[in-house]
Amino acid sequence: MKRFLIVDDSKVVRMVARRILEGLNFETAEAENGEIALAACRSQMPDAVLLDWNMPVKSGIEFLRELRGWPNGAAPKIVFCTTENDMAHIQEAIGAGADEYIMKPFDSEILESKLAQIGLL
């Protein structure tokens with residue numbers, strides 16, 4: 001079973017994402033900011049990360065840049081899931097190593113479609 005790390009400071013967003021992902025047969029773990037997410041990745045590298053941009057302690061883009069710098073940090077698929085929808089943010093995320101980008105609010109159909117596009121489904 002593939003492991004998905006959900007990184008968002010909103011408990012509600014994490015709960016909704018968890019419900020969708022577990023319904024798609026992913027094992028899930030959660031982190032409320034980028035620092036906790038990096039610790040989770042050190043402990044057990046996930047197959048994929050659903051990543052918010054704006055979080056306290058360490059933002060999503062800071063998490064992504066640090067993770068991609070690790071020897072095994074290129075492995076997980078990264079899907080940004082954020083309210084930041086301008087082209088500059090999207091280009092920055094893709095340039096930093098994100099595999100896909102979705103806007104909040106999202107639903108199961110949107111998430112499933114993106115996961116299929118990057119080969120997780």
Side-chain angles (χ1 to χ4, degrees):
M1 184 177 286
K2 290 186 179 176
R3 181 175 164 79
F4 227 110
L5 178 61
I6 304 162
V7 186
D8 200 297
D9 57 328
S10 166
K11 188 173 186 169
V12 172
V13 171
R14 291 193 315 266
M15 182 183 69
V16 169
R18 172 173 260 187
R19 190 172 300 137
I20 293 169
L21 292 167
E22 287 179 350
L24 296 171
N25 294 317
F26 286 100
E27 177 186 329
T28 61
E30 297 179 21
E32 63 212 35
N33 64 56
E35 194 63 45
I36 294 169
L38 287 170
C41 291
R42 276 186 214 96
S43 175
Q44 182 180 4
M45 187 64 76
D47 296 295
V49 179
L50 186 66
L51 183 62
D52 185 24
W53 191 292
N54 297 305
M55 295 178 289
V57 184
K58 188 176 288 268
S59 71
I61 196 73
E62 291 169 327
F63 162 86
L64 178 59
R65 287 189 175 119
E66 189 167 334
L67 179 73
R68 290 303 197 215
W70 293 2
N72 61 343
K77 297 287 188 181
I78 306 291
V79 179
F80 255 105
C81 178
T82 182
T83 57
E84 300 294 347
N85 61 0
D86 60 278
M87 190 53 74
H89 277 94
I90 295 169
Q91 289 175 330
E92 184 178 358
I94 300 300
D99 295 285
E100 196 50 79
Y101 201 100
I102 61 176
M103 307 302 164
K104 288 180 184 174
F106 63 93
D107 61 20
S108 59
E109 189 176 308
I110 291 168
L111 190 52
E112 278 186 62
S113 168
K114 294 297 183 175
L115 297 180
Q117 287 176 20
I118 60 174
L120 288 170
L121 290 178

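Given the structure is predicted, the values throughout are model-derived calculations rather than measurements.
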Check against salt bridge (charged side-chain N to carboxylate O under 4.0 Å, His left out), E109 and K114 = CA-CA 9 Å; E109 189 176 308; K114 294 297 183 175; over 6 Å; no
Cluster overlap [X] with [Y], hydrophobic side-chain contacts below 4.5 Å:
{"X": "I118", "Y": "I94", "answer": "no"}
{"X": "L5", "Y": "V16", "answer": "no"}
{"X": "V57", "Y": "L67", "answer": "no"}
{"X": "M45", "Y": "I78", "answer": "yes"}
{"X": "F80", "Y": "I90", "answer": "yes"}

With distance as the sole test, does [X] use its side chain to make a donor-acceptor pair with the main-chain N or O of [Y] at under 3.5 Å?
{"X": "R68", "Y": "G73", "answer": "yes"}
{"X": "E66", "Y": "F63", "answer": "no"}
{"X": "D9", "Y": "M55", "answer": "no"}

request  = May I have the step-by-step check of side-chain contact (heavy atoms from CB on, under 4.5 Å) for I110 and D107, ending in yes or no?
outcome  = CA-CA 5 Å; I110 291 168; D107 61 20; 3.3 Å; yes
query = Given the rule in the side-chain contact (heavy atoms from CB on, under 4.5 Å) test, do L115 and F26 qualify, once you have shown the distances and angles that lead to the verdict?
reply = CA-CA 11 Å; L115 297 180; F26 286 100; 4.0 Å; yes
ask   = Given W53, which of T82, L64, T83 fulfils the side chain to side chain contact (heavy atoms under 4.5 Å, CB included) condition?
value =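 Exactly one option meets the side chain to side chain contact (heavy atoms under 4.5 Å, CB included) with W53, and it is T82.
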ask   = Between D8 and R18, is there a salt bridge with N-O shorter than 4.0 Å?
value =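 So R18 does not pair with D8 through a salt bridge.
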key: Check ion pair E84-K104 (N to O, under 4.0 angstrom)   =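 No, no charged N to carboxylate O under 4.0 Å.
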Quick one: pull up [atom1] in [X] and [atom2] in [Y] and give me the separation to the nearest 0.5 Å.
{"X": "M87", "Y": "N85", "atom1": "CE", "atom2": "CG", "value": "10.0 Å"}
{"X": "K77", "Y": "L50", "atom1": "NZ", "atom2": "CG", "value": "15.0 Å"}
{"X": "D52", "Y": "I61", "atom1": "CG", "atom2": "CD1", "value": "11.5 Å"}
{"X": "M103", "Y": "C81", "atom1": "CE", "atom2": "SG", "value": "9.5 Å"}

query = Considering all heavy atoms of both residues, which atom of V49 and which atom of P76 are nearest to each other, and what is their separation?
reply = CG2-CB, 4.4 Å
task = Locate the shortest heavy-atom distance separating E62 from K58; write the atom from each residue and the value.
result =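 Where E62 meets K58 most closely, the heavy atoms are OE1-CA, 3.3 Å.
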Taking the side chain as every heavy atom from C-beta outward, state whether [X] and [Y] have any pair of such atoms under 4.5 Å apart.
{"X": "L21", "Y": "L111", "value": "yes"}
{"X": "Q44", "Y": "R3", "value": "yes"}
{"X": "V7", "Y": "I36", "value": "no"}

ask   = Going through the distances and angles, do D47 and F4 end up as a side-chain contact (heavy atoms from CB on, under 4.5 Å)?
value = CA-CA 6 Å; D47 296 295; F4 227 110; over 6 Å; no
task = Please report the C-alpha distance between L24 and L121 in whole Å, then the side-chain angles of each, then the deciding distance to 0.1 Å, and finally whether the side-chain contact (heavy atoms from CB on, under 4.5 Å) criterion is met.
result = CA-CA 8 Å; L24 296 171; L121 290 178; 4.2 Å; yes
